[in-house]
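Scroll down for the structure; my scribbles are underneath it.
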Amino acid sequence: MTALGFLSPGPSAEHDYPRIEQLLGSDVRLDLVRTDRPAEGVELLRLAGVEAVVWVCADEGVAPDPDTARNRLRDLAATAGVPASSTPFAFVRAAREIDTTSVAVSASGTPQETARFAEFLRAGGLEVVGDTGAVGPAEATGGDEEAALLALARAADDPRARAVLLPDPGLSTAAHLPALEAALGKPVLTASQVAVWEALRLTDRRVHAPELGALFTREPIVQV
C-alpha cells in the first residue's frame, strides 16, 4: 500500500481524491487534510503513515521568489519526515512529463493572481502563451460542471499552447478530464490531478490511469 498525503488550507476538490484513489487501484491510498494550521495537518498525515506530502495550494505559485517556495517545502518535508512538494511545482513538472513547454493558464481567481502564477511557470522554464482570470464560469453554463470547466479552459486556450492548466485547487475536475481533453484536443492539467501525480512521483510510483488524462498515460508505466 502506498499512502499519499495532501494538505489544503482552503477550498479543495474534496470529492476528487476518493475518485482518483479508485481509478489508481487498491494499493494506493490518498489522505486529504483540510487545515489552516499546516503543522497540525502534517502531524495527522505523519500518524497516518503517508510516504509523501503535497501542499494543495497556490500560495507558492503567487510568491514573487521561487526560492522562498522551495524553502517552505524543505521545512514541510523536515516536519513530515517524508518528501514534500506543492501544486505550483507539480504543474511545472507535469508539463515537462507530457513534453510540453508552451501552456495556457485559466484560473477562477483574479487576473492578477493568474498573472502571478504564470510568472511562476515562466520561472520554471515554461512558456505561457495564454492566460486569463475568470470568476464564476458556472453561472454562464446553467450550473453544468463540465460545461463550466470547458468554458474556463477555452477562455485561456491558444493555438500555440500544447496544454491547458486549471490551477484552482477548488475545482472538481477528476470526473471530466477525458471529456475536457477531447474537446480541446490537447492535455489538460488540473490541481487535484497534478497533486496526486506529484505525490506518486515522490514515491517513485507511476500508474497507468487513462481516465485521469494524458498525464497518466506516459511510459514506462506500472499497471495496477
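The aromatic ring centroids of Phe120 and Phe91 lie 6.0 Å or more from each other.
Residues Thr2 and Arg205 come closest through the heavy atom pair OG1-NH1, 2.9 Å. Shown here for Leu184 and Ala153, the closest heavy-atom pair between the two residues is CD1-CB, 3.7 Å. Nearest heavy atoms, Leu171 versus Leu166: CD1-CB, 4.2 Å. Annotation for Ser192 and Ile20: closest pair O-CD1, 4.0 Å, computed over non-hydrogen atoms. Across every non-hydrogen atom of Val164 and Asp157, the tightest pair is CG2-OD1, 3.6 Å. Scanning both residues, Ser102 and Val129, for their nearest heavy atoms gives CB-CG1, 4.2 Å.
Between the CG atom in Leu24 and the CG atom in Leu212 there is a gap of 6.0 Å [rounded to 0.5 Å]. Here the straight-line distance linking atom CG of Leu177 with atom OG1 of Thr190 works out to 5.0 Å at 0.5 Å rounding. Distance CD/Glu51 to CG/Leu202: 11.0 Å, rounded to 0.5 Å. Residue Leu150 holds its CG atom at 7.5 Å from CD of Glu146, rounded to the nearest 0.5 Å. Atom-to-atom distance recorded for Leu149:CG and Ser106:OG is 10.0 Å, nearest 0.5 angstrom. In this structure, OH on Tyr17 lies 11.0 Å from CG on Leu4, to the nearest 0.5 angstrom.
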side-chain contact (heavy atoms from CB on, under 4.5 Å) assessment of Val128 paired with Arg122: CA-CA 7 Å; Val128 180; Arg122 292 187 181 101; 3.6 Å; yes
Check against salt bridge (charged side-chain N to carboxylate O under 4.0 Å, His left out), Glu119 and Arg116: CA-CA 5 Å; Glu119 283 304 310; Arg116 286 195 294 269; over 6 Å; no
Pair Asp16-Val196, side-chain contact (heavy atoms from CB on, under 4.5 Å): steps then yes or no: CA-CA 10 Å; Asp16 271 8; Val196 174; over 6 Å; no
Stepwise side-chain contact (heavy atoms from CB on, under 4.5 Å) check, Leu121 with Leu165: CA-CA 11 Å; Leu121 298 177; Leu165 279 53; 3.7 Å; yes
Full working for side-chain contact (heavy atoms from CB on, under 4.5 Å) between Leu189 and Ile98: CA-CA 10 Å; Leu189 302 178; Ile98 58 174; 4.2 Å; yes
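Side-chain contact check for Arg93 and Ser85: at least one donor-acceptor pair (N or O, by modelled atom type) lies under 3.5 Å.
With sequence neighbours excluded, the residues satisfying side chain to side chain donor-acceptor pair (under 3.5 Å) with Glu43 are Arg46. For Pro210, the side chain to side chain contact (heavy atoms under 4.5 Å, CB included) test picks out His208, Thr217, with sequence neighbours left out.
Between Glu97 and Arg206, at least one side-chain nitrogen of the basic residue sits less than 4.0 Å from a carboxylate oxygen of the acidic one, meeting the salt-bridge criterion. Between Asp67 and Arg70 a salt bridge is recorded (basic side-chain N to carboxylate O distance below 4.0 Å).
No side-chain heavy atom of Thr35 sits less than 4.5 Å from a side-chain heavy atom of Leu44.
In this structure, Glu127 contributes its side chain and Thr101 its backbone to no donor-acceptor pair below 3.5 Å. Side chain of Glu198 to main chain of Ser86: no donor-acceptor pair is present (N/O by atom type, distance under 3.5 Å, no hydrogens or angles). Between the side chain of Glu181 and the backbone N or O of Gly213 there is no donor-acceptor pair closer than 3.5 Å.
Summarising the local packing, CD of Gln22 is surrounded by 12 or fewer heavy atoms from other residues, nucleotides or ligands at distances under 6.0 Å. Surrounding CZ of Arg29 are more than 12 heavy atoms belonging to other residues, nucleotides or ligands, all under 6.0 Å away.
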Please set out all donor-acceptor pairs under 3.5 angstrom arising from side-chain atoms of residues 5-12, sequence neighbours excluded.
from : atom 1 : to    : atom 2 : distance (Å)
Ser8 : OG     : Gly10 : O      : 2.9

